[in-house]
Each structure stands twice: as structure tokens, then as C-alpha cells.
Amino acid sequence: MLIAKKGDTVKMHYTGSLDDGTVFDSSRDRDPLEFTAGAGMVVPGFDNMILGMGVGQMAKKAIPCTEAYGEHRDDLQLEVNRSDIPADLELAIGAQLQMQAPDGKTARVEIVGFTDKIVRVDANHPLSGKDLTFEVELVAIVAPS
């Protein structure tokens, strides 16, 4: 039996849920997720849980937020001048926008409040600060390292 190790390209089915059982994502209704184990392509806790698994094996693991999307950071809640946002953009709490960071990278932000002059956005990942549970199945090792 093939065992997943760092550097292998693997295909996984997964279901991710929150502590209250709410499913936030699943690959069960689509193609399995393909990624290189240990390459940082998925959150660390998910990456680590598949190492040592055999093809066809299933596992379930609770992953603390520190091994997922990190703690929720107050410093990632920002105020932007309304004039810096396109005038034709209709603002709504919960709407998602893309902003360019000083380093040139694009970041997804969520509008959390606004006035005529200021728009408050949150650049935290929506799952930051949350512990996650993943149920996974190793479907294949497509390219052993």
C-alpha cells in the first residue's frame, strides 16, 4: 500500500466543519482536491494529517485555528476613505472586495461597516480564529516524491 509522504502529489476528498457541525466546505460533490503534501498549498493542520495515510484510508481530525487560518487579528481591520473606493460600487455589510496591499499582493476584504466618508474592512480570512474539523479520504497518490 502506498503511504503519503512529504513531496507526494495526492488527491483527497474532504469535508471541513466548524465546532457546531456547520460544514464550510466539501469536495464530495466535485473532483478530489489535488496538492503536493508538505508544500504549504493547504493549511498546516490539513497538510500534516495526511502524512502517513494510505490510499483509501479515511481520517477525522480537529485542527486548532493556529494550524488552520490563524487567530483573528484586530490589526487586519482597516479604515479606508470612501473616496478610495469606486463611486459606483454599492456598499453593503458583508460584501467582499479586493484590495491591493503595499507589497503589491491582492487581498480579499469584507466590508464590516461604513459611513459617507469611511469604509471599515476586515482582511482576516473568514475562518480565522476558528477551530476546524476535517474528515478526509486519501483517494490517490498521483506522483510519489
- line: Contacts of Phe114 meeting ring-ring contact (aromatic ring centres under 6.0 Å, His included) (sequence neighbours excluded), chain-then-number -> none
message: Who clusters with Ile118? Use side-chain heavy atoms, under 4.5 angstrom, across I, L, V, M, F, W and Y, and order the result by chain and number.
response: none
statement: d(Ile93 CD1, Glu110 CD) to nearest 0.5 Å is 8.5 Å
Over all atoms of both residues, closest heavy-atom pair of Leu138 and Met53: CD2-O, 3.4 Å
task: Sequence neighbours left out, what passes ring-ring contact (aromatic ring centres under 6.0 Å, His included) with His13? Give chain and number order.
output: none
statement: Heavy-atom nearest pair, Gly52 first then Gln57, reads O-OE1, 4.3 Å
- prompt: Partners of Glu71 by side-chain hydrogen bond (donor to acceptor under 3.5 Å, both in side chains), sequence neighbours excluded?
  reply: none
task: Identify the heavy atoms of Ser17 and Gly21 that sit nearest to each other, and give their distance.
output: CB-O, 4.0 Å
- request: Evaluate the side-chain contact (heavy atoms from CB on, under 4.5 Å) criterion for residues Glu34 and Val142: first the C-alpha distance (whole Å), next the side-chain angles of each, then the deciding distance (0.1 Å), finally the verdict.
  value: CA-CA 9 Å; Glu34 184 174 324; Val142 262; 4.1 Å; yes
- line: Sequence neighbours excluded, the answer for side-chain contact (heavy atoms from CB on, under 4.5 Å) partners of Pro126 is Arg108
- request: Using modelled atom types only, decide if a donor and an acceptor are shared between the side chain of Asp8 and the backbone of Lys5 within a distance under 3.5 Å.
  value: yes
- request: Quick one: closest heavy-atom pair of Gly129 and Cys65, and the distance?
  value: C-CB, 3.7 Å
task: Kindly compute the distance separating NZ (Lys130) from CG (Leu18), expressed to the nearest 0.5 Å.
output: 6.5 Å
- prompt: Which heavy atom of Ala62 sits nearest a heavy atom of Pro64, and at what distance?
  reply: O-CD, 4.0 Å
task: Spell out, yes or no, whether Val10 and Tyr14 are grouped together once hydrophobic residues are joined by side-chain heavy atoms under 4.5 Å, including indirect joins.
output: yes
- prompt: side-chain contact (heavy atoms from CB on, under 4.5 Å) with Ala140: which residues, sequence neighbours excluded?
  reply: Lys11
- prompt: Apart from Leu76 itself, what residues make up its hydrophobic cluster when side-chain heavy atoms of I, L, V, M, F, W and Y under 4.5 Å apart count as a link, directly or indirectly?
  reply: none
query: Are Leu2 and Leu33 connected, step by step, through hydrophobic side chains (Ile, Leu, Val, Met, Phe, Trp, Tyr) whose heavy atoms are closer than 4.5 Å?
result: yes
field: Cluster check Phe134, Val23: I/L/V/M/F/W/Y, side chain < 4.5 angstrom
entry: no
Working for side-chain contact (heavy atoms from CB on, under 4.5 Å), residues Asp131 and Ile63: CA-CA 6 Å; Asp131 297 331; Ile63 298 175; over 6 Å; no
task: Quick one: sort the Phe35 and Phe46 rings into parallel, tilted or perpendicular, breaks at 30° and 60°.
output: tilted
query: Given Met49 and Val136, is the side-chain contact (heavy atoms from CB on, under 4.5 Å) satisfied, shown in steps?
result: CA-CA 9 Å; Met49 79 180 284; Val136 300; 3.6 Å; yes
query: What pairs of residues pass the salt bridge (charged side-chain N to carboxylate O under 4.0 Å, His left out) test when at least one of them lies in residues 17-30, not counting sequence neighbours?
result: Asp25-Arg30, Arg28-Glu137
message: Run the side-chain contact (heavy atoms from CB on, under 4.5 Å) test on Asn124 and Val109 for me, step by step, so that the C-alpha distance in whole Å, both residues' side-chain angles and the decisive distance to 0.1 Å come before the verdict.
response: CA-CA 7 Å; Asn124 283 286; Val109 298; over 6 Å; no
message: Let me confirm one number: the CD1-CG distance from Ile85 to Leu97, rounded to the nearest 0.5 Å.
response: 6.0 Å
field: Nearest heavy-atom neighbours spanning Pro44 and Ala68
entry: CD-O, 4.1 Å
- request: Not counting sequence neighbours, which residues clear side-chain hydrogen bond (donor to acceptor under 3.5 Å, both in side chains) with Asp47? List them please.
  value: none
- prompt: Do you reckon Val80 sits in the same ILVMFWY cluster as Val112, going by side-chain contacts under 4.5 Å, direct or chained?
  reply: no
field: Residues forming a side-chain contact (heavy atoms from CB on, under 4.5 Å) with Glu135, sequence neighbours excluded
entry: Lys60
Partners meeting side-chain hydrogen bond (donor to acceptor under 3.5 Å, both in side chains) with Ser26 (sequence neighbours left out): Thr15
Residue pairs, two or more places apart or on separate chains, that pass salt bridge (charged side-chain N to carboxylate O under 4.0 Å, His left out) and touch residues 74-87: Arg73-Asp75
message: Are Met58 and Ile3 connected into the same hydrophobic cluster when the rule is that any two of I, L, V, M, F, W, Y join if their side-chain heavy atoms are below 4.5 Å apart?
response: no
